[in-house]
Number of protein chains: 2
Amino acid sequence: MPTGPAKNGRRRPTRTAGPAKRQADYLSQTRREHAHEIAEDYVEAIADLAAEAGQARVVGLARRLGVTHVTVIRTIARLKKAGFVTAQPYRGISLTDEGCALAAMCKNRHETVAAFLRSLGIPEQVAEMDAEGIEHHVSPETLAAFKACLRKPRP
Amino acid sequence: MPTGPAKNGRRRPTRTAGPAKRQADYLSQTRREHAHEIAEDYVEAIADLAAEAGQARVVGLARRLGVTHVTVIRTIARLKKAGFVTAQPYRGISLTDEGCALAAMCKNRHETVAAFLRSLGIPEQVAEMDAEGIEHHVSPETLAAFKACLRKPRP
DNA sequence: CATGGACGGTAGCCATGGCTACATTATTGC
DNA sequence: GCAATAATGTAGCCATGGCTACCGTCCATG
């Protein structure tokens, strides 16, 4: 039972229409992006492992991503359905052309973000850590601005 | 059935120990942060609604956050357990002191990130959109660097 | 003062992304 | 060639964060 009468403006004509709607869209978009983040981390890790060990394997991915091999297997299944990787049971994991392109884009973007942060005087480790989280939310416009800043550093 | 013998270096002594471990930690950390992101978005929205309408209500939050009122109710329950908000059924939602502090920090951080992006020449709307995603991953060091850049803009 | 419609809440579904525990397959070393 | 071990895969659990459908509350207004 409620403890008393609510005399708050319940029937107010909402009034938070314009800007609130826009922010809602931004937030929805950000949430949608989150689905891609994992895929990006995976294809990047697969590309790296393939480059350094000749082939990406489940345990290697698990170690690199900080999850159990079970999680890797399940996520790989999704990436397979999404067309980013190919994999047969007990064999290594390979990127499709699409996956390769995504990995290359991610690697480039990650490098740019990390370099930009370092150029602001942020310590290596912190820059790397922040880049890991930031990179997935950097639009092409912002990425271009970062690159421009790196090209002509402040005096 | 596998289509043939795998002659890949399975028994290699892992060799991806040092840097891979570090990256795994970074990624784990980023994943952990994700749990906080929602809380941050909520307390910020609650603070805004309280400021502009006198009280935060479920439907208002739902509109602002771009989700259904059901999602809001469930998340509020979690935030309540976490000690960020207080709420009784059919009453408005209020921030605890802790929630208030978090909201203030988030608002400040969001403003800083958005202003920094705008200072790089990124269009208002894009800056706002990117800030929404980036803000949750900005460490204190990086935030300080952004603020420093804003204080003395490039000539 | 009754009631309609907005608001708030519950039940139950789905997908994702973790996990442990257990089973299966490949490789390797004896 | 066979056993041990590491890698891979399966089953099933939990939490989170969406959703729809439906039901309950409340209060402004006729």
Side-chain angles (χ1 to χ4, degrees), chain A residues 1-16 24 27-42 49 53 55-82 87-93, chain B residues 1-16 24 27-42 49 53 55-82 87-93:
Chain A
M1 43 166 161
T3 47
K7 63 182 194 309
N8 46 306
R10 178 82 69 87
R11 275 299 168 91
R12 229 85 67 77
T14 309
R15 188 239 309 268
T16 47
L27 289 168
S28 299
Q29 176 63 27
T30 301
R31 279 193 301 272
R32 257 191 306 279
E33 277 169 11
H34 183 244
H36 286 318
E37 294 178 27
I38 303 243
E40 293 182 351
D41 287 340
Y42 271 73
L49 287 183
Q55 191 169 31
R57 317 244 2 159
V58 172
V59 284
L61 274 172
R63 274 194 281 264
R64 188 183 198 91
L65 296 166
V67 298
T68 64
H69 77 281
V70 185
T71 301
V72 169
I73 287 170
R74 219 183 5 176
T75 306
I76 291 298
R78 276 196 322 115
L79 293 181
K80 213 167 144 183
K81 272 200 293 189
Q88 285 84 40
Y90 295 99
R91 309 302 303 278
I93 297 145
Chain B
M1 42 165 161
T3 47
K7 62 181 193 312
N8 46 304
R10 177 84 69 87
R11 274 299 169 89
R12 230 83 69 76
T14 309
R15 188 235 311 258
T16 46
L27 289 167
S28 299
Q29 177 62 29
T30 301
R31 278 194 301 271
R32 257 190 307 279
E33 276 169 11
H34 183 245
H36 287 318
E37 293 177 28
I38 301 243
E40 293 182 352
D41 287 340
Y42 271 73
L49 286 183
Q55 192 168 31
R57 318 241 5 159
V58 172
V59 284
L61 274 173
R63 275 194 280 264
R64 188 182 197 93
L65 295 166
V67 297
T68 64
H69 77 281
V70 184
T71 301
V72 170
I73 286 170
R74 220 181 8 175
T75 306
I76 291 297
R78 278 196 320 115
L79 293 182
K80 212 168 144 182
K81 272 200 294 187
Q88 285 83 42
Y90 294 100
R91 310 300 303 275
I93 298 146

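Owing to the predicted nature of the structure, the values given are computational and were not obtained by experimental measurement. Proteins get letters first, then strands, A, B, ... in listed order; numbering begins at 1 in each.
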Take atom CZ of B:Arg31 and atom C1' of C:dG18, then tell me their distance rounded to the nearest Å. 8 Å
Distance-only, no hydrogens or angles: does the A:Arg63 side chain make a donor-acceptor pair with backbone N or O of A:Val58 under 3.5 Å? no
Separation of atom CD in B:Glu37 from atom P in D:dT16, rounded to whole Å: 15 Å
Please name all residues satisfying side chain to side chain contact (heavy atoms under 4.5 Å, CB included) with A:Ala24, sequence neighbours left out, ordered by chain then number. none
From NZ of A:Lys80 over to C1' of D:dT8, roughly how many Å is that when rounded to an integer? 13 Å
Rounded to whole angstrom units, what separation is found between the CD1 atom of B:Ile93 and the C1' atom of C:dC7? 11 Å
For the pair A:Arg74 and A:Val70, evaluate side-chain contact (heavy atoms from CB on, under 4.5 Å) and give the outcome as yes or no after the intermediate values. CA-CA 6 Å; A:Arg74 219 183 5 176; A:Val70 185; 5.7 Å; no
Is there side-chain contact between A:Leu49 and A:Gln55, with heavy atoms separated by less than 4.5 Å? no
Partner set under side-chain hydrogen bond (donor to acceptor under 3.5 Å, both in side chains) for B:Thr30, not counting sequence neighbours: none
Which whole-number value in Å describes the distance from A:Glu33 CD to C:dT16 C1'? 17 Å
Does A:His34 have any ring pair (Phe, Tyr, Trp, His ring centres under 6.0 Å) partners at least two apart in sequence or in another chain, and if so, which? B:His34
On DNA chain C, does the nearest nucleotide to B:Val58 precede the nearest nucleotide to A:Ile38 from the 5' side, or the other way round? Give the residue. B:Val58
What's the CG-C1' distance between A:Leu61 and D:dT8, to the nearest Å? 13 Å
side-chain hydrogen bond (donor to acceptor under 3.5 Å, both in side chains) with A:Glu37: which residues, sequence neighbours excluded? A:His137
Side-chain heavy atoms of B:Arg64 within contact of A:Leu27, under 4.5 Å: no
Starting at CD of A:Gln55 and ending at P of C:dT27, how long is that distance when rounded to a whole Å? 11 Å
Whole-Å distance separating the CG atom of A:Leu79 from the C1' atom of C:dT16: 12 Å
A:Arg91 side chain N/O closer than 4.0 Å to the phosphate oxygens (OP1, OP2) of D:dA7? no
For A:Thr75 and A:Thr71, indicate whether the former's side chain and the latter's backbone hold a donor-acceptor pair under 3.5 Å. yes
Have a look at the helix from C:dC1-D:dG30 to C:dC30-D:dG1 and give the angle its two end axes make, five pairs each, rounded to 10 degrees. 0°
Quick one, which residues of residues 65-77 of chain B touch DNA chain D with a heavy atom under 4.0 Å? B:Val67, B:Thr68, B:Val70, B:Thr71, B:Arg74
